[in-house]
*Asks:* 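Below is the structure I would like to discuss, written out as structure tokens.
All of these numbers come straight from a predicted model, not from anything done at the bench. Note: hydrogens, waters and symmetry copies are ignored here, and every other heavy atom, side chains too, is used.
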Amino acid sequence: LIPTLLPEYAYGGLVLGTVIFSVSAGLSEVLLSPTIAAMPSENPQRDMSILHSMYGYGLAVIAVISTLFLQIFGTENWMYLTLFWAILPLVDYILFKISPLPEITIHQESAGQVSKKRTKGLILCAIVIFLGGAAENTMTNWISVYMESALKLPKAMGDTLGLVTFGLLLALTRTLYARFGKNIFPILLSGMGGALVCYLLAGLSSGAGVAMVACMLTGVCTSMLWPGTLILMEEKFPNPGVAAYALMAAGGDFGSSVAPQGLGIVVDAVAASPWAAELGARLSLSAEQVGMKAGMLMAALFPLLGLIVLVYMHRFFTKKNRDG
């Protein structure tokens, strides 16, 4: 509302709204996962996967409705779209007020009970969720721009084919895991490996079709990296406590913010360099397209590091179990 009612304070209003939204989203991430985990259930892994699948479905629905709105009413009316989406937290508020919740007691270990191995294991999980969040949300943040700038697709097509397909694949994979999945560690390993391949294809492929499919399939590969790390943590550390979930949420959110920003810095720096124009001329690409592809190659570092950390984690937990 502030940019519309008080246009001289437009930027301050956007910043204020972003801060409030970010705090609220952060609290939701910290509190929802342990609440779901603490509820009595025959299959807690399924519940966690279903919880996180809702993010993907919501992402797809919001992208479709927002794209249609801006196409029909124009980008100059964006503020009415924002007001429309303000209905969602109001609905959430009402649902939480009327939903009966069982008495939940989450076990918290005292400082004396926390072993060095447990602390190290939780830190390793936080690193994995940081890298998984980075791999997932770099593509979430950039897929529409990449398809528009690097692949020269219309913005509406980039939003629908890119972001919507990504979100649906993300959600469907999490739903399938909730229905059929088990043994989370190999899934984490294959997800990181698949994300690495997808980012490399997006950055190196000369064909728009291959790059586009690689961007979409990143949704499948990264789908279980965030919830899967939470599932792994619960397997290795039963009743981990709210503080552990807060650490995981902080790690995932930090990766989700640092990695997309890092890609933007790389894109700007490469696109402005003289060699990008020279390389682009040889490859029939613009300097901006070269910058976008370089950014995708930089983003491949996150799943690559994730693979390395997961291999180390496997050895760590194997040794932990052997030593008791």
Side-chain angles (χ1 to χ4, degrees), residues 1-33 51-52 54-71 73-96 126 129-149 155 158-159 162-164 166-167 170-171 222 226 245-269 292 295 299 302:
L1 288 173
I2 290 178
T4 304
L5 301 178
L6 302 169
E8 64 273 23
Y9 300 111
Y11 181 71
L14 291 172
V15 170
L16 178 62
T18 300
V19 169
I20 296 172
F21 175 84
S22 300
V23 171
S24 303
L27 285 171
S28 296
E29 178 59 40
V30 170
L31 297 173
L32 284 176
S33 292
L51 171 69
H52 285 264
M54 293 300 107
Y55 166 78
Y57 291 123
L59 184 69
V61 170
I62 286 174
V64 169
I65 294 176
S66 298
T67 300
L68 289 174
F69 178 94
L70 296 175
Q71 286 291 306
F73 299 105
T75 55
E76 66 274 10
N77 292 309
W78 65 268
M79 70 288 297
Y80 302 111
L81 178 65
T82 307
L83 286 173
F84 172 72
W85 288 126
I87 295 171
L88 291 183
L90 178 62
V91 171
D92 281 343
Y93 172 82
I94 295 171
L95 289 175
F96 272 109
I129 207 169
F130 166 83
L131 296 169
E136 174 190 327
N137 287 281
T138 298
M139 190 60 77
T140 304
N141 280 252
W142 282 94
I143 186 169
S144 294
V145 177
Y146 180 73
M147 289 190 171
E148 183 181 358
S149 301
K155 175 172 173 50
D159 288 343
L163 192 58
V164 173
F166 179 95
L170 188 86
T222 61
W226 190 309
Y245 284 102
L247 176 65
M248 296 303 110
D253 290 338
F254 189 49
S256 300
S257 59
V258 169
Q261 179 69 21
L263 188 145
I265 292 171
V266 170
V267 171
D268 289 342
M292 288 296 301
F302 295 105

*Asks:* Looking only at heavy atoms, which two atoms of Ser33 and Tyr245 are closest? And how far apart?
*Replies:*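 Closest approach of Ser33 to Tyr245: CB-CD2, 3.9 Å.
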
*Asks:* Closest heavy-atom contact between Met248 and Ile129?
*Replies:* O-CG2, 3.3 Å

*Asks:* Would you say that Tyr146 contacts Met139 through its side chain, given a criterion of any heavy-atom pair below 4.5 Å between the two side chains?
*Replies:*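 Tyr146 vs Met139: side chains apart.
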
*Asks:* Got a second to check how far Leu163's CG is from Thr140's OG1, nearest 0.5 Å?
*Replies:* 7.0 Å

*Asks:* To the nearest 0.5 Å, tell me how far Thr138 OG1 sits from Gln261 CD.
*Replies:* 11.0 Å

*Asks:* Can I get a per-line list of side-chain donor-acceptor pairs under 3.5 Å for residues 82-90, giving both atom names and the distance, sequence neighbours left out?
*Replies:*
{"residue": "Thr82", "atom": "OG1", "partner": "Trp78", "partner atom": "O", "Å": "3.2"}
{"residue": "Trp85", "atom": "NE1", "partner": "Ser66", "partner atom": "OG", "Å": "3.1"}

*Asks:* Identify the two heavy atoms, one from Leu247 and one from Ala126, that lie closest to each other, and give their separation to 0.1 Å.
*Replies:* CG-CB, 4.0 Å

*Asks:* Where do Pro260 and Asn137 come nearest, in terms of heavy atoms and distance?
*Replies:* CG-O, 3.7 Å

*Asks:* If I take atom CZ from residue Phe69 and atom CD1 from residue Ile65, how far apart are they, to the nearest 0.5 angstrom?
*Replies:*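 It is 11.5 Å, given to the nearest 0.5 Å.
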
*Asks:* Once rounded to the nearest 0.5 Å, what's the spacing between atom CG of Leu32 and atom CE of Met54?
*Replies:*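 Leu32 CG to Met54 CE: 12.5 Å, rounded to 0.5 Å.
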
*Asks:* Mind checking whether Phe302 and Phe130 have parallel, tilted or perpendicular rings, split at 30° and 60°?
*Replies:* perpendicular

*Asks:* Would you say CG of Leu1 has more than 12 non-hydrogen atoms from neighbouring residues, nucleotides or ligands within 6.0 angstrom?
*Replies:*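 Atom CG in Leu1 is not packed in, count stays at 12 or less.
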
*Asks:* To the closest 0.5 Å, what do you measure between OH (Tyr55) and CD (Glu136)?
*Replies:* 5.5 Å

*Asks:* Which atoms form the tightest heavy-atom contact between Gly26 and Asp253, and what is the distance?
*Replies:*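 So the two residues come closest at CA-OD2, 4.4 Å.
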
*Asks:* What's the spacing between Leu131 CG and Thr222 OG1 if we round to 0.5 Å?
*Replies:*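 If I round to the nearest 0.5 Å, the distance is 13.0 Å.
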
*Asks:* Verify the neighbour count for atom CZ of Phe254: are there more than 12 heavy atoms of other residues, nucleotides or ligands below 6.0 Å?
*Replies:*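 Result for CZ/Phe254: open.
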
*Asks:* Which atom pair, heavy atoms only, marks the closest approach of Leu263 to Gly295?
*Replies:*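 Leu263 and Gly295 have their closest heavy atoms at CD1-O, 3.4 Å.
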
*Asks:* I want to check something: taking the side chain as every heavy atom from C-beta on, are Val15 and Tyr9 in contact at a cut-off of under 4.5 Å?
*Replies:* no

